[in-house]
Amino acid sequence: MTKVNRGASIPLILSDPYFSIWSPADRLTDCDTQSWTGKEQPVRGYIQIGDATYRFMGADDFIPAIAQQDLEVTATQTKYTFANEVVHLELTFSVDLDLQDLQKISEPVTMITVKADVKNGEKAAITFAFSEEICRDKTQEPLHWHKITTDDEKMVWMGKRRQTPLDSTGDLIDIDWGYLYLAAPSSLAITYQKQREMLLAHFPIQSGQATTILAAYDDIHAINYFGTACNALWKENYSGMYDLLQNYLINLPARLANCQKIDDKIQQASITSGGKTLDFITAFSYRQSICAHKLIRDEQREIVFLSKECSSNGCIGTVDISYPSLPLYLLYQTELAKGMLRPVYKFAALPVWEFDFAPHDVGRYPYATGQVYGEITNQGDEGWPDRGAYGTVYDYYQLPVGQNVYHYEQQMPIEESGNMLAMAAAIYLRDGDDQFFNQHLKTNLRWADYLATFGQDPENQLCTDDFAGHLAHNCNLSLKAITALAMFGKALLAAGYEKEGALYSKRAKEMAAIWQKTAIANGEHTPLSFDRPDSWSMKYNIVWDNLFELGLFPAQLMEKEIKKYLAEANEFGIPLDERADYTKADWIMWISIFAQNEEEMEKIIQPVRHYLENTPNRVPFSDWYDTKNAKVMNFKNRTVVGAMFMPLLKQALVKNLVKA
């Protein structure tokens, strides 16, 4: 397991971005658990030993806290250790997130295991208190609750009396519908009661024995997918949450064992690929990346895996959010990678999208009803209405051509077209799925032509690092076009399209040769933009040349680049480029695959761990932070941390564990 300092932010209850609960506790003070948005959604824990009561979770001015001794994190589990003069307490949160089993990825259930060694032999009991705030956001109406008791299990649920699923949208908001469930086997003498605005679960524990209860959340409906209210995938096999929790209670030992199996697998692969530092980083990334999505099926019964662009603008299915997160899914489950691309292809084929390049997103979470990024909004008689937070999202997908919905200047033509092409090609080179590749071939050919025409020296436009603003002649963006074309060419050749494959492969190599002549600064490193020869920036888009042996650039190019990056590094990492001290952890992990040895790899990635351990901001893993003071810039809880698995993907390709 990965040892973590006291101040780390750890997921406590797993689900999608609308109701993920985190512990924001700092090193010196205790506080209540929060939603990833920063809103307090208290989950409190108490242990009673004889006549004394101690608090091990959450804030409470009246009950004394038991000291936290340790914290260990793995891919699927978080284990806290507490102790005082009368008890040693272990508290473990486990989530059976098995990427080999799509059903499990969709199940919003957390197993909470308590084990206490009571030193004086007195009777002990545990009480968990769950706040009503977990089930609502903008409303303050009282919640309804109900106990379910049978011969096999004891359950309780809590939620608003009037449910309005999918009734709000935005970024930093929480779910305002659905039901919280708690469950335990009938053999456990658990009691439930409502006390003010808290739902209490109280049960005795035997010294030295582990006791597990379940916490889960049923969101009723998951996504508005182009006009259809879709359920999360887990509801295909279960009649409802009661049915799912019954299955969990029957199979608890197997579920917990599978968590350990996943943890061991990822830990071993991480240590092999980058040592204990990489193991630390991936342990913090696995759950967050997966849980920033919703998993559904579309009308063709195909898998759709929709991300939320947390801490940015709440977009759903954002292409340049999927792109950095791809390594995790390319490594362990390509069907989920395809599920990221399908909604983008669907929207791009509709009449309202009139551009020859790929869109940025497919809506605003949880509405996948048409791109919202760069939309023309207006409060007057012309243009589309500005909805604001909590507003509904207009069904752009249904509009005909000629409606002037989007500002061209706010689009990301090279960025998103390159992302889609690179991802589609990587997926095909990984698993050889002819059906998926051929299904979207016409669209990909159109985007490839766009890159071949405009990708050599991009005009003034945004890239995925849009917080830095527009930039003309962006060398890294040009690399995206070049490597995406080469990837697509290689995939076409592998799929039997020899003429087209040779054409795009040839064009990519021509562009790569021109790039090398125009992007070398003083013969030592490459610039931020072609017209600024003395500048520099991280060239993370070049990774595909290395991963899939495209033969575009000499190895010496990135050897010099890494030397430059390390020379510019600050205490907490390599800045994104020369314009600011901030960085993106995802891109640092991408370029780490160019390290020449273990020592160089450690120099690149260790500052990311250093940041995670020392940032003053107690939030879910933020990918955008300051390299001098470790302060979070803005982003948090985003799926892009799937990028931390890039070294594992590289190692797997080297060992021929995945197809290339």
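Computed from heavy atoms alone, side chains included, the values below leave out hydrogens, waters and symmetry copies. In this chain, residues are counted from 1 in sequence order. A quick note: this is a predicted structure, and the numbers were derived from the prediction, not measured.
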Q.
With side-chain hydrogen bond (donor to acceptor under 3.5 Å, both in side chains) as the criterion, how do E375 and Y394 come out once you've worked through the C-alpha distance, each side chain's angles and the decisive distance to 0.1 Å?
A. CA-CA 11 Å; E375 62 184 336; Y394 186 75; over 6 Å; no
For a quick test of reading the model, state the closest non-hydrogen atom pair linking [X] to [Y] and the distance between them.
X: K39; Y: D137; result: NZ-CA, 3.2 Å
X: K490; Y: F548; result: NZ-O, 2.6 Å
X: Y428; Y: A491; result: CE2-O, 3.6 Å
X: V372; Y: G363; result: CG2-O, 3.6 Å
X: G370; Y: D361; result: O-OD1, 4.3 Å
X: S106; Y: P108; result: O-CD, 3.2 Å

(Q) Listing request: all salt bridge (charged side-chain N to carboxylate O under 4.0 Å, His left out) pairs with a residue in residues 314-323, at least two apart in sequence or in separate chains. (A)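 Counting only pairs at least two positions apart or across chains, no salt bridge (charged side-chain N to carboxylate O under 4.0 Å, His left out) contact touches residues 314-323.
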Just checking, is any N or O donor in the side chain of [X] or [Y] under 3.5 Å from an acceptor N or O on the other one?
X: E416; Y: N419; value: yes
X: N541; Y: T483; value: no
X: S94; Y: T92; value: no
X: N634; Y: S311; value: no
X: Y286; Y: D263; value: no
X: S312; Y: R638; value: no

Side-chain touch [X]/[Y], heavy atoms, less than 4.5 angstrom:
X: K584; Y: Y540; result: no
X: L252; Y: L214; result: yes
X: K650; Y: S273; result: no
X: Y373; Y: V319; result: no
X: C135; Y: K160; result: no
X: I262; Y: L97; result: no
X: L295; Y: I303; result: yes
X: Q246; Y: M155; result: yes

Can you name the residues that form a ring pair (Phe, Tyr, Trp, His ring centres under 6.0 Å) with [X], not counting sequence neighbours?
X: F347; result: W353
X: H144; result: W157
X: Y332; result: none
X: H440; result: Y345, F436

Going by the rule side-chain contact (heavy atoms from CB on, under 4.5 Å), which residues pair with [X] if we only count those two or more places apart in sequence or in a different chain?
X: A484; answer: L421, A422, L451
X: T149; answer: K154
X: K104; answer: D96, D98, D101, E107, R255, N258
X: P165; answer: Q163, W177, I220, H221

Q: Identify the residue among Y217, Y181, Y179 that makes a side chain to side chain contact (heavy atoms under 4.5 Å, CB included) with M241.
A: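 That would be Y181.
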Q: Any chance you could lay out the salt bridge (charged side-chain N to carboxylate O under 4.0 Å, His left out) test for E302 and K346, step after step, and finish with the verdict?
A: CA-CA 12 Å; E302 293 182 318; K346 181 179 178 66; over 6 Å; no
Q.
What I want to find out is whether R342 reaches D298 closely enough, with some N-O distance under 4.0 Å, to be called a salt bridge.
A.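 Result for this pair is no, no salt bridge flagged.
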Q) Should D219 and K294 count as an ion pair when the cut-off is N to O under 4.0 Å? A)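 Between K294 and D219 there is a salt bridge, with a charged N closer than 4.0 Å to a carboxylate O.
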Q | Q371 and Q411: CA distance, side-chain angles, deciding distance, side-chain hydrogen bond (donor to acceptor under 3.5 Å, both in side chains) verdict | A | CA-CA 11 Å; Q371 176 173 311; Q411 303 309 310; 2.7 Å; yes
Q | Trace of the side-chain hydrogen bond (donor to acceptor under 3.5 Å, both in side chains) decision for Y497 with N438 | A | CA-CA 10 Å; Y497 297 97; N438 292 328; 2.7 Å; yes
Q | Intermediate values then yes/no, side-chain contact (heavy atoms from CB on, under 4.5 Å), K265 and Q268 | A | CA-CA 5 Å; K265 175 182 178 181; Q268 181 179 358; over 6 Å; no
Q) Does the side-chain hydrogen bond (donor to acceptor under 3.5 Å, both in side chains) test come out yes or no for T334 and D431, once each step is laid out? A) CA-CA 7 Å; T334 56; D431 69 6; 2.7 Å; yes
Q | Contacts of type salt bridge (Lys or Arg N to Asp or Glu O under 4.0 Å), residue E415, not counting sequence neighbours | A |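 Testing E415 for salt bridge (Lys or Arg N to Asp or Glu O under 4.0 Å), a comparison that skips the adjacent residues, returns K480.
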**Q.** Counterpart residues, salt bridge (Lys or Arg N to Asp or Glu O under 4.0 Å), relative to R162 (two or more places apart)
**A.**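 Checked R162 against salt bridge (Lys or Arg N to Asp or Glu O under 4.0 Å); zero matches.
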**Q.** Among W447, Y504, Y450, ring pair (Phe, Tyr, Trp, His ring centres under 6.0 Å) partner for F488
**A.**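 Of W447, Y504, Y450, ring pair (Phe, Tyr, Trp, His ring centres under 6.0 Å) with F488 is met by Y504 alone.
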Short question: side chain of [X], backbone of [Y] - any donor-acceptor pair under 3.5 Å?
X: D243; Y: S239; answer: yes
X: S417; Y: F357; answer: no
X: R364; Y: N313; answer: yes

Q. Can you check whether Y329 and H293 have ring centres sitting under 6.0 Å from each other?
A.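 Yes, the ring centres sit under 6.0 Å apart.
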Q.
Suppose the criterion is ring-ring contact (aromatic ring centres under 6.0 Å, His included): which pairs have a residue in residues 224-246, not counting sequence neighbours?
A.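 As it turns out, the ring-ring contact (aromatic ring centres under 6.0 Å, His included) pairs with a partner in residues 224-246, which skip direct neighbours, are F226-Y397.
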